[in-house]
Asker: 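I'd like to ask some things about the structure below.
In what follows, chains carry the letters A, B, and so on, assigned in the order in which the sequence lines appear, proteins first and then strands, with residues in each chain numbered from 1.
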Amino acid sequence: MVQIQLPDGSVKEFPEGVRPRDVAASIGKRLAEAAVAAEAKGTVVDLDRPLEAEDGGPIPFRVLTPKDPEALDVLRHSTAHVMARAVLRLFPGARLAFGPTTATGFYYDIDLPGSRTISEDDFPAIEAEMRQIVALAEPFERFTLPVPDARQFCEDLGQDLKVEHIDQELHKYGILSFYRQGEFVDLCRGPHIPHAGKVGAFKLLSIAAAHWKGQADGPMLQRLYGTAFFDKKDLDAFLTRIEEAKKRDHRKLGKELGLFTLSEKVGSGLILWMPKGAIVRGILEQFLKDELLKRGYEPVYTPHIGKVELYKTSGHYPYYRDSQFPTLKMLNDPAMALVAGLERGELDDDTQKVLLAEARIEEKEYWELDAAGRIGYVMEHGVSEEYLLKPMNCPHHIQIYAAHPRSYRDLPVRLAEFGTVYRYEQSGQLAGLTRVRGFTQDDAHLFCTPEQVRGEFRATMELTQYVLESLGLADYTIRLSKSDPSDPKFKGADFAVWERAEADIRSVLDEMGLSYEEAVGEAAFYGPKADFVVRDCLGRRWQLGTVQLDYLLPERFGLEYTGPDNKPHRPVMIHRAPFGSMERFMGILIEHFAGAFPLWLAPEQVRVLPISDKVAEYADLVLNELKAAGLRASVDRRPEKIGAKIRDAQLEKIPVMLVVGAKEAEAGLVAFRDRIDGDLGAMTLAEAVSRLRAEADSRAIRQAASPLSPPEDVPPADQGEKHAY
RNA sequence: GCUGGCGUAGCUCAACUGGCAGAGCAACGGUCUUGUAAACCGUAGGUUGUGAGUUCGAGUCUCACCGCCAGCUCCA
């Protein structure tokens, strides 16, 4: 007998091998009809999967219906099978790779014969084929085979990617499961819905390429994305939400609202801040600067370039060579003379010989080259100085720390700078403000004693939380990024030190009561870190604020302080940036507010709207009062009707409009119109000003009730692979 | 960097299978003097991303390059 414990706590007995379907039926007919799958002992299983007795007492069990989120996941995975089946019908010879679900749908990686690709034009045909399959409502039938038979079976099906996967990964499981649906059979862990008829609504969303098993040098597969729901209404709501989310895209809003721009003539990934965007960014920077001064930081300024040796010492240069702009090379004087002479073609061999010697250039290879080759050779070897656009600020700040002897009494030293750094990101990776090639970090480096580490780390975490909360950004997760001893990135690291650092961070996070996920291998090469991760309007995850613990760079640069024992000690460094990058943060903030910044951040806070130019003089008076109160204001003097002026101000997302006509001019009033609450009626100018000042000074955040909940998360691939075979 | 898609006026988009590059909004000029989300009339605006090629003829077809978008890989 099998003992089954239902969600209400009651325990029922069934014969050995009873199927979840039977259990559901024993509870009620409607439940049995609605059943999609079941959860037994915390695992989601098919309705036909026999349940076996356990030693540990009754099996916790519940029936999953379309109301349960887990059921949606099962449905989507089954829909992925339906899609794969449709594709195999339309493209005979296609080879299947992986077909997992994601938080919002599913995809299947497919290799088409003859390097054919799928395009969106193929979607209607695939969807039509899928509809036919769904209409047949054929069951998903599970069967198992031992590895050798399973391997042969896949080979017979011509699914050699599956064969490869069995050879490399799955062989260790001994027995593998398959699901059959009509003529279609797929190696798959399951579980699945009982039959295809449960698929209420589905849609293919996009097509893109993906590498087989995520290996950059592996073959490219077609990744076909789709989503499915039990109910068409849910699908429609999902699609509407995607459309709404796209309207928040910071790239679209940034252009519409004149916040920033990009120019092909300047270069990809290089942001040009326009006046309105610069105001918002400037306010954010000032907000943080004020906060840092309160918290004992000292502002510093450092240049945009540094000698390449500096970054060789820090270790950044060798590690990130591929993602840096090339170095700036300065030639020594004789080398420059040599290049200039060669370009004019007027140097005899003797002169060249003399200049080569003066430039300290090895001449053996030189003479084998033609004139152009010689110029290149000299430019390569006659270098006196080589500079790098700084890819991060720490080495400069370290030099400030090291500029004079430090006592333990001076620590912690907290050096802060909005430092602009340059990284040559891969072209395909650039995206609006969120991934760029030049950006400004709200950077600071803390130098402290080992005893101070935990306190300083906690203080910086609290600062970051304060900053995010001040901006109404509550929807973030914290990621503890750790080392990975098997990753060459951490080669030569002292893992005893790393473990201590990771334990320090973990204990601070626990002490603060913060929940976090741990990410192995995500650490910086010099230390573990706690990252604040937020999502953009499309659900993509971005790292914003970060707090990083570093025992390595103080070592590499030989930093010291004198301890109470009058002996030299090594300080510990904390790298931290609450906003992360100003560019990325602005991008996220634009999307967060949908471009409608709260009063204290809005580029234009108030617009005075005269009813006609008969009150132009009064409008100017109002404007001057607003400006005198430190508010960013303008007057709309266009010969338009008031309705048009309101509409335009509303579309520009200006927080407050002050409408003035003859009535107001006569009585010294303004008609106060709020972007969110609408017409609030007439009030004195003084009243309006104090109201505005109060809202701005309190940094209040009011947002129009948004029907748009944040989009669902798109999980990292490793979380999405639960149906990986 | 890789795979695929897309580049037409400042913006949003038209232009049947190759056959005279167009509209709305914005801009500019004028009329109207306006009461809480779009007044009316007119003017101007283009080497169709760049460069080659095919063709009597290219926005449209081919190739290369540049840029953007999605995904993959990467991300100090």
Asker: If we call it a pair only when both distances are under 3.5 Å in a Watson-Crick or G-U wobble match, what pairs with B:G35?
Answerer: none
Asker: Does B:U50 pair with anything, Watson-Crick or G-U wobble, both distances under 3.5 Å, and if so, with which nucleotide?
Answerer: B:A64
Asker: Among A:Arg241, A:Arg248, A:Lys247, which residue satisfies the salt bridge (charged side-chain N to carboxylate O under 4.0 Å, His left out) criterion with A:Glu244?
Answerer: A:Lys247
Asker: Within the stacking criterion (centroid distance below 5.5 Å, interplanar angle below 30°), does A:Phe525 stack on B:A76?
Answerer: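 A stacking contact does not exist, since A:Phe525 is not both close and nearly parallel to the base ring of B:A76.
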Asker: May I have the distance from A:His211 (atom NE2) to B:G1 (atom P), rounded to whole angstrom?
Answerer: 13 Å
Asker: Quick one: CD on A:Glu517 to OG1 on A:Thr477, what's the gap to the nearest 0.5 Å?
Answerer: 5.0 Å
Asker: Using atom C1' of each nucleotide, how far apart are B:C6 and B:U12 to the nearest Å?
Answerer: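 To the nearest whole Å, 16 Å.
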Asker: Between A:His445, A:His397, A:Gln441, which is the residue that forms a side chain to side chain donor-acceptor pair (under 3.5 Å) with A:His575?
Answerer: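 In the set A:His445, A:His397, A:Gln441, the residue that makes a side chain to side chain donor-acceptor pair (under 3.5 Å) with A:His575 is A:His445.
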Asker: Could you give the distance separating B:C20 and B:G24 at their C1' atoms, to the nearest angstrom?
Answerer: 23 Å
Asker: Write down the distance separating the P atoms in B:G18 and B:C13, rounded off to the nearest Å.
Answerer: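 Comparing P positions in B:G18 and B:C13 gives a spacing of 25 Å.
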Asker: Output the rounded distance in Å from CE (A:Met220) to P (B:C2).
Answerer: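 Whole-Å distance recorded here is 9 Å.
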Asker: Select base, sugar-phosphate, or nothing to describe what A:Gln324 touches, counting heavy atoms under 4.0 Å on all strands.
Answerer: base
Asker: Look at all strands and tell whether A:Gly643 reaches a base, only sugar-phosphate, or nothing, counting heavy atoms closer than 4.0 Å.
Answerer: sugar-phosphate
Asker: State the pairing partner of B:G71; accept Watson-Crick or G-U wobble contacts with both distances under 3.5 Å, and report none otherwise.
Answerer: B:C2
Asker: Judged by each residue's nearest nucleotide on RNA chain B, which is more toward the 5′ side, A:Ser268 or A:Arg584?
Answerer: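 So the residue in question is A:Ser268.
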Asker: If I pick the P atom on B:U47 and the same atom on B:C65, what distance separates them, to the nearest angstrom?
Answerer: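 Taking atom P in both B:C65 and B:U47, they lie 25 Å apart.
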Asker: NA contact type, A:Ala649, heavy-atom cut-off 4.0 Å: base, sugar-phosphate, or nothing?
Answerer: nothing
Asker: Between B:G29 and B:A44, how far apart are the two C1' atoms, rounded to whole Å?
Answerer: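 One C1' to the other, the span is 10 Å.
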Asker: Distance check, P atoms only: B:G4 and B:A76, in whole angstrom units.
Answerer: 29 Å
Asker: When the P atoms of B:G22 and B:G45 are compared, how many Å lie between them, rounded to an integer?
Answerer: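 Each nucleotide's P atom is 12 Å from the other's.
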Asker: Nearest heavy atom decides the nucleotide; on that basis, is A:Ser119 or A:Ser612 closer to the 5' end of RNA chain B?
Answerer: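 Here A:Ser119 is the residue nearer the 5' end.
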Asker: May I ask you to evaluate whether A:Lys641 reaches the phosphate of B:G35, defined as a side-chain N or O under 4.0 Å from OP1 or OP2?
Answerer: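 So the side chain of A:Lys641 is outside the cut-off, no N or O lying under 4.0 Å from OP1 or OP2 of B:G35.
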Asker: Is there, by distance only and without an angle test, a donor paired with an acceptor across the side chain of A:Ser323 and the base of B:A76 below 3.5 Å?
Answerer: yes
Asker: Mind checking the P distance from B:C69 to B:U54? Whole angstroms is fine.
Answerer: 35 Å
Asker: Apply the test ring-ring contact (aromatic ring centres under 6.0 Å, His included) to residues A:Phe490 and A:Trp498: give CA-CA distance (whole Å), side-chain angles for both, the deciding distance (0.1 Å), then the verdict.
Answerer: CA-CA 10 Å; A:Phe490 304 105; A:Trp498 274 81; 5.3 Å; yes
Asker: Classify the ring geometry of A:His165 against A:Trp212: parallel below 30°, tilted from 30° to 60°, perpendicular beyond 60°.
Answerer: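 Correct class here is perpendicular.
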